[in-house]
There are 2 protein chains.
Amino acid sequence: MLTHAAEDYLKSIYKLQEKGTKVSTGLLAETLNVKPASATGMLKKLKAMKLVCQERYQEITLTEAGRVVALEIIRHHRLLELYLFKALGVPWENVHEEAEKLEHVISEDVEERIDAVLGYPTADPHGAPIPDKNGVVAQTAYIPMTTLRKAQTCVVAEVSDNDSALLQYLGELNLYPGTAFRVLDVAPFEGPFTIDIAGHPVVIGREVAKHIYVADVQEAK
Amino acid sequence: MLTHAAEDYLKSIYKLQEKGTKVSTGLLAETLNVKPASATGMLKKLKAMKLVCQERYQEITLTEAGRVVALEIIRHHRLLELYLFKALGVPWENVHEEAEKLEHVISEDVEERIDAVLGYPTADPHGAPIPDKNGVVAQTAYIPMTTLRKAQTCVVAEVSDNDSALLQYLGELNLYPGTAFRVLDVAPFEGPFTIDIAGHPVVIGREVAKHIYVADVQEAK
DNA sequence: AAATTAATTTAGGCATGACTAAATTATATC
DNA sequence: GATATAATTTAGTCATGCCTAAATTAATTT
């Protein structure tokens with residue numbers, strides 16, 4: 001069995017790779033709040049276990065086996081986040097931290113029960129896809145909110161999960177995945193968005209909008 | 001913060017002490033599946049942290065601070081057991097093992113939510129008392145089933161939680177805490193019990209009966 | 001009381017996974 | 001192309017918490 005630390009490394013590599021980032025020792029170390037030398041050490045072990053590929057000084061990638069492990073952990077994590085949110089009412093800005101600890105500890109049996117209680121969901125509270133038991137991730141084609149134009153309507157599909165203060169703010173605005181809104185105005189020169197959420201006008205800065213992804217974009221009539 | 005290992009030591013000391021056992025290095029080591037030398041090492045650290053008292057070669061006891069930590073962990077454990085059993089339907093012979101891993105990882109916030117969802121319960125699925133947030137344990141006066149005589153009725157109050165095969169067996173007989181039964185007969189010379197559970201006669205061996213504690217004992221008319 | 005046996009502790013070692021400091025290799029600049 | 005800077009790796013250290021083997025202390029037996 002793998003250690004928690006090894007699981008965290010694999011998960012981080014997968015998530016960085018998923019974002020399209022070239023994964024380096026330094027970036028990985030920064031992500032994991034660890035010094036680069038420590039990352040080198042763990043990568044050496046993961047390479048010996050054939051979970052990670054990396055030629056000296058080159059890019060880091062997962063092997064098929066490593067990808068399977070990473071997706072297992074991510075599945076645990078996202079199912080737990082959703083469970084904490086829906087079944088126990090944990091505020092969504094806190095579920096990430098909680099799930100981070102539980103994901104390494106939950107049994108397959110408990111995971112299946114959680115999955116069943118939730119009705120076999122496909123996305124976590126932030127809208128991120130939950131891989132299935134075989135490690136298959138549903139491909140999504142969400143659009144960054146920053147690309148929206150005046151008078152378009154859409155539905156929140158996903159938001160970044162790494163800034164808890166931002167999540168709290170979005171929660172107060174009810175900008176959860178599934179919430180529909182309409183763009184009332186976009187200020188010129190990369191300015192903020194004014195949107196209508198359930199009849200209330202709200203101004204959303206560009207920095208915030210960058211963390212929101214939407215779907216079902218349509219021109220309001 | 002304490003390590004998981006330290007927490008496990010404190011919990012084991014408390015539970016052994018609670019059973020009335022004099023806690024020694026060897027017994028503690030055996031309980032924790034660790035060699036005596038390892039227990040000596042950890043006890044040294046716990047003594048330095050003023051969580052444990054022990055004079056060289058003498059009995060091991062908890063300090064007040066150590067007792068508080070032990071009861072916190074036991075509260076986590078028992079609440080988790082009950083939650084897994086009631087909310088997720090985990091068979092009661094498996095909840096101990098699951099809770100063993102979760103108890104070190106759960107946050108106070110999640111624990112409070114679990115407590116609320118369960119309606120602030122006072123006993124785990126095996127009937128063991130759940131300490132309150134302040135470390136107060138309700139005192140119980142349960143009677144060993146082995147002391148029952150013919151024609152007495154009672155209610156199962158608590159069963160030992162350390163033998164999962166036994167728990168599975170008792171579960172099949174529906175001998176959960178709360179279940180009422182009547183003693184139909186006690187075979188002579190320390191023989192087995194024949195009891196009536198919901199109209200069905202069942203024979204319970206003495207070795208099994210030793211692990212069952214009952215309350216509300218009355219003479220059937 | 002002396003000797004045997006049992007329990008406990010000390011001493012030294014190992015794996016994990018972090019760290020710092022120094023050496024190496026790559027990349028960017030002049 | 002030589003050099004300065006940045007990234008990576010190596011080497012050596014430290015804390016946890018386990019281990020085995022040996023030494024010590026306590027308890028039991030004769």
Side-chain angles (χ1 to χ4, degrees), chain A residues 1-17 19-62 66 69-70 73 97 100-101 103-105, chain B residues 1-14 16-17 19-62 66 69-70 73 100-101 103-105:
Chain A
M1 247 320 266
L2 288 176
T3 61
H4 297 183
E7 290 178 348
D8 280 336
Y9 275 80
L10 295 172
K11 187 180 65 167
S12 289
I13 295 167
Y14 181 89
K15 290 179 88 170
L16 289 168
Q17 222 165 261
K19 271 204 307 186
T21 321
K22 203 185 90 181
V23 184
S24 64
T25 304
L27 179 62
L28 188 57
E30 197 189 322
T31 305
L32 289 160
N33 289 311
V34 146
K35 302 296 168 193
S38 305
T40 298
M42 179 59 88
L43 285 167
K44 198 177 164 187
K45 286 176 205 161
L46 294 172
K47 281 183 269 183
M49 287 187 273
K50 302 273 184 202
L51 295 169
V52 158
C53 295
Q54 183 199 26
E55 319 231 346
R56 221 160 178 277
Y57 289 87
Q58 298 302 305
E59 188 179 359
I60 296 157
T61 54
L62 295 174
V69 174
I73 303 298
E97 193 191 353
E100 204 74 16
K101 298 174 296 182
E103 65 190 10
H104 303 293
V105 150
Chain B
M1 247 321 263
L2 287 176
T3 61
H4 298 183
E7 289 178 347
D8 280 336
Y9 275 80
L10 295 172
K11 188 180 63 167
S12 289
I13 295 167
Y14 181 88
L16 289 168
Q17 223 166 263
K19 272 204 306 187
T21 321
K22 203 185 91 181
V23 185
S24 64
T25 304
L27 179 62
L28 188 57
E30 197 189 324
T31 305
L32 289 160
N33 289 310
V34 144
K35 302 297 168 193
S38 305
T40 299
M42 178 60 87
L43 285 167
K44 198 177 165 188
K45 286 175 206 163
L46 294 173
K47 280 183 269 182
M49 288 188 272
K50 303 271 186 204
L51 295 169
V52 158
C53 295
Q54 182 199 27
E55 320 230 347
R56 223 160 178 277
Y57 289 87
Q58 298 302 306
E59 189 179 359
I60 296 157
T61 54
L62 295 174
V69 174
I73 302 298
E100 203 74 16
K101 298 173 297 181
E103 66 190 10
H104 303 293
V105 149

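Chain letters run A, B, ... following the sequence lines, proteins first, then strands; residues in each count from 1.
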- What bend angle does the helix from dA1(C)-dT30(D) to dC30(C)-dG1(D) show across its length, from five-pair end axes and to the nearest 10 degrees? 10°
Holding to side-chain contact (heavy atoms from CB on, under 4.5 Å), I want the full list of residues that pass it with [X], two or more places apart in sequence or in another chain.
X	result
Thr40(A)	Thr25(A)
Lys22(A)	Glu59(A)
Lys50(A)	none

Quick one: [X] [atom1] to [N] [atom2], roughly how many Å, whole number?
X	N	atom1	atom2	value
Asp8(A)	dT16(C)	CG	P	16 Å
Leu28(B)	dT8(C)	CG	C1'	13 Å
Leu32(B)	dC19(D)	CG	C1'	15 Å
Tyr9(B)	dT16(D)	OH	P	14 Å
Met49(A)	dA15(C)	CE	P	14 Å
Glu30(A)	dA6(D)	CD	P	15 Å
Lys22(B)	dA26(D)	NZ	P	13 Å
Lys35(B)	dA21(D)	NZ	C1'	13 Å

- Note on the structure: Taken in chain and number order and not counting sequence neighbours, the residues that satisfy side chain to side chain donor-acceptor pair (under 3.5 Å) with Glu100(A) are Lys11(A), His96(A)
- Query: Rounded to the nearest 0.5 Å, how far does NZ of Lys44(B) lie from CD of Gln54(B)?
  - Reply: 12.0 Å
- Message: Using 0.5 Å steps for rounding, measure from the OG atom of Ser24(B) to the CG atom of Leu16(B).
- Response: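 Rounded to the nearest 0.5 Å, the OG-CG separation comes to 8.5 Å.
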- Message: Using a 6.0 Å cut-off, check whether atom NZ of Lys35(B) has over 12 heavy atoms from anything other than its own residue.
- Response: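 It does not: Lys35(B) NZ has 12 such atoms or fewer within range.
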- Message: For a quick test of reading the model: is some side-chain N or O of Ser24(A) closer than 4.0 Å to OP1 or OP2 of dA7(D)?
- Response: no
Distances under 3.5 Å only, N/O to N/O: pair up the protein atoms with those of nucleotides 9-12 of chain C.
residue: dT9(C); atom: OP1; partner: Tyr57(B); partner atom: N; Å: 3.3
residue: dT9(C); atom: OP2; partner: Thr25(B); partner atom: OG1; Å: 2.9
residue: dT9(C); atom: OP2; partner: Thr40(B); partner atom: OG1; Å: 3.2

- Leu10(A), Val69(A), Leu62(A) screened by side chain to side chain contact (heavy atoms under 4.5 Å, CB included) with Leu46(A), the one that passes: Leu10(A)
- Closest heavy-atom contact between Ala70(B) and Tyr14(B)? CB-CB, 3.7 Å
